[in-house]
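Notes to accompany the following structure.
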Amino acid sequence: MSPPARASLSALLPSAGDYRGLRSSWRGDVIAGVTVGIVALPLALAFGVSSDAGAEAGLVTAIVAGLIAAVFGGSNVQVSGPTGAMVVVLAPIVASHGVGAVAIVSVFAGIIVLVAGVLRLGRTVSYIPWPVIEGFTIGIGIIIFLQQVPAAVGVSGSGRSTNAVVAAFESLAAADWPIALVPLAVVAAVALVMVVLGRVSGRLPASFIAIVVVTTAAALLVLPLATIGELPHSLPAPSLPWADLGGLAALAGPAFAVAALAAIESLLSARVAASMADTGPYNADRELVGQGLASIVSGFFGGMPATGAIARTAVNLRSGARTRLAAVVHALALLFVVYLAATVVAIIPLAALSGVLMVTAARMVSPRVVRMVVRSTRSDAVVFVVTAIITVSFDLIVAVGIGIAVAAFFALRALSAASGVHREELAGEPQPGDERIALFRIDGSLFFGAAERLLERIAGHGGIEVVILRLSQLQLIDATGAHTLSELVAALEQRGVTVLIKGVRPQHLQLLDRLGVIGSLRHSNHLFAELAPAVDHARSHIRRAAATHT
């Protein structure tokens, strides 16, 4: 292996440099890890239950994937595990293919994300427009909230629609009123405790405290509530998820959707973490490698696909985390719960977990961000609304794809509008025959969205014998633009109009030459670097033509 290849590979692997400064920060890292572990416990359980994979799957994912991603990922402070966005994608998969499909999809998607990291595709997330990100974030928040409605009114998950909106209304209609008021009261109590504690201090593990308070009250009052149920007292033994070829083919589409979501959410979270505190930059490609390995190993243990978790990462940073040790401690703290507190966790009411997720979902919908996006530009507002509506109505990954497509349409339209063809006056004193010379300046971008307009604008001028195309202000040109320019030059030359080209940028010259623009010129000396020689040549051509006619 060559030295550059070896260096490229080593950048994707753990190193001693990952723990630089640990001697001075380890106490803060341990405290932060325990704190974020306490915060992560109710969320891991809730996300597992909400996805229909079970509380155990959520807890296993937080432990196993959280540990692997902490060691192999590209961020020094990222905390990984089950997330609300992943639940939105997994719930329909479980409904269509069964719980056993979750582990298979986790491994399958993990391999895809891992390969994306090895292929250095980590920076592609930067191409996702901000309105698209905010649109699917708000859509996810709405879906998570609606997914909790059945548990909040004490309705079982069987027989419901896979669409969160429809399922929520079905559950409200099927609820046994007024008995449903009991779990609703639990949800309200959890929300109240979380909101009050959040206003008292942002450092308190509000969701954990709310779960403890409500679970204790429910046990003392012997309330008729569905609970998490028995959990294992140890991690399950790793095993290879199995499916026949037909099953794997059916899960290929869901696996790619899960992989796309895992990559997007993890990279966004890592980028946000890098901007929140001076804990070192993140390596986007290594982050994909780490998240891919995390989902693969999680699937072996019967867990779910994992992603970076923005909320838990923020708690980690606010609690003083500086190295990967904090995320490692977070996973070990959750492992401690499995081995020593599984019996206590088993009596947590499902409605209490629904309350935690409802508050979490509500916090994902930021009125301030909505106002900012809607008031920015009309096109950004359309992209934002379309992405959010499609996320809630259809599918998250489809919504992101359509949102990007709509954003690209508006961007291309704006880029095309910014492009222009302007006829300019010739420099210097007017000379006889100048009216038969047309100097056109092409501004901005000449690409498939603007090329046709260029052809119409220039070819529409009559009575012209020489055309000078001034390309020094041309910022961008693609194959379509170059091909159109070649057709324009050839068409003008066939009509007897001499074409001179001035100011081709060095980065554009090769493309124009390959697509025949330079070859379409009557003479090779009709390509100029400066405007004055081009104008002189055009005027001399007019003089020669006039002399020939006389």
Side-chain angles (χ1 to χ4, degrees), residues 41-59 82 84 87-88 90-99 102 140-196 207 209-231 343-365 392-393:
L41 175 60
L43 292 174
L45 297 170
F47 287 138
V49 171
S50 185
S51 68
D52 291 331
E56 178 186 352
L59 197 53
V87 166
V88 170
L90 287 178
I93 294 175
V94 174
S96 301
H97 302 281
V99 176
V102 173
I140 288 168
I142 294 172
I143 293 177
I144 293 173
F145 188 94
L146 294 174
Q147 283 179 336
Q148 309 318 307
V149 172
V153 296
V155 175
S156 65
S158 59
R160 295 199 317 267
S161 170
T162 56
N163 183 279
V165 179
V166 176
F169 282 103
E170 288 177 349
S171 299
L172 291 174
D176 187 3
W177 304 98
I179 295 177
L181 294 175
V182 177
L184 270 179
V186 170
V187 170
V190 169
L192 179 63
V193 172
M194 289 182 66
V195 171
V196 171
S207 59
I209 295 173
I211 290 289
V212 171
V213 170
V214 171
T215 301
T216 302
L220 292 176
L221 297 173
V222 196
L223 296 178
L225 295 167
T227 61
I228 289 176
E230 184 177 357
L231 291 173
T343 304
V344 176
V345 171
I347 65 173
I348 295 175
L350 294 179
L353 298 180
S354 293
V356 170
L357 290 188
M358 282 184 163
V359 174
T360 302
R363 288 172 175 169
M364 294 175 68
V365 182
V392 175
S393 305

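Heavy-atom basis, side chains included; hydrogens, waters and symmetry copies ignored. Keep in mind that what you see is a predicted model, and the values were worked out from it rather than measured.
Considering every non-hydrogen atom in both V182 and P224, the closest pair reads CG1-CD, 4.4 Å. A351 and V187 make their closest contact through O-CG2, 3.3 Å (heavy atoms, listed as atom of the first residue, atom of the second, distance). Across every non-hydrogen atom of S51 and G48, the tightest pair is OG-O, 2.9 Å. Among all heavy-atom pairs drawn from A361 and G141, the shortest one is CB-O, 3.1 Å. The minimum heavy-atom distance linking I348 with A352 is given by the pair CG2-CB, 4.4 Å. What you find for I228 and A55 is that their closest heavy atoms are CG2-CB, 3.6 Å.
Atom CG of D176 sits about 10.0 Å away from atom CG of L181, to the nearest 0.5 Å. Atom OG1 of T360 and atom CZ of F145 lie 11.5 Å apart (nearest 0.5 Å). In this structure, the separation between CE on M364 and CG on L357 is 10.5 Å, given to the nearest 0.5 Å. Note that CG of L45 and CG of L350 are 10.0 Å apart. Values are rounded to the nearest 0.5 Å. Distance check: Q147 CD to I140 CD1 gives 10.5 Å after rounding to the nearest 0.5 Å. Rounding to the nearest 0.5 Å places CG of L41 at 6.5 Å from CG of L59.
The main-chain N or O of A46 is never found under 3.5 Å from a side-chain atom of S50 such that the two would form a donor-acceptor pair. Side-chain atoms of W177 come within 3.5 Å of backbone atoms of L172 as a donor-acceptor pair (strictly under, hydrogens ignored). For T215 (side chain) and V212 (main-chain N/O), no donor-acceptor pair under 3.5 Å exists by modelled atom type.
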### Task
Output, in order, the C-alpha distance, side-chain angles, deciding distance and verdict of side-chain contact (heavy atoms from CB on, under 4.5 Å) for V149 and M358.
CA-CA 9 Å; V149 172; M358 282 184 163; 4.1 Å; yes
### Task
Test side-chain contact (heavy atoms from CB on, under 4.5 Å) on E56 and E230 and set out the steps.
CA-CA 9 Å; E56 178 186 352; E230 184 177 357; over 6 Å; no
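I93 places none of its side-chain heavy atoms less than 4.5 Å from the side chain of V102. Residues V87 and I144 fail the side-chain proximity criterion, which asks for heavy atoms closer than 4.5 Å. The shortest distance between side-chain heavy atoms of L43 and V356 falls below 4.5 Å.
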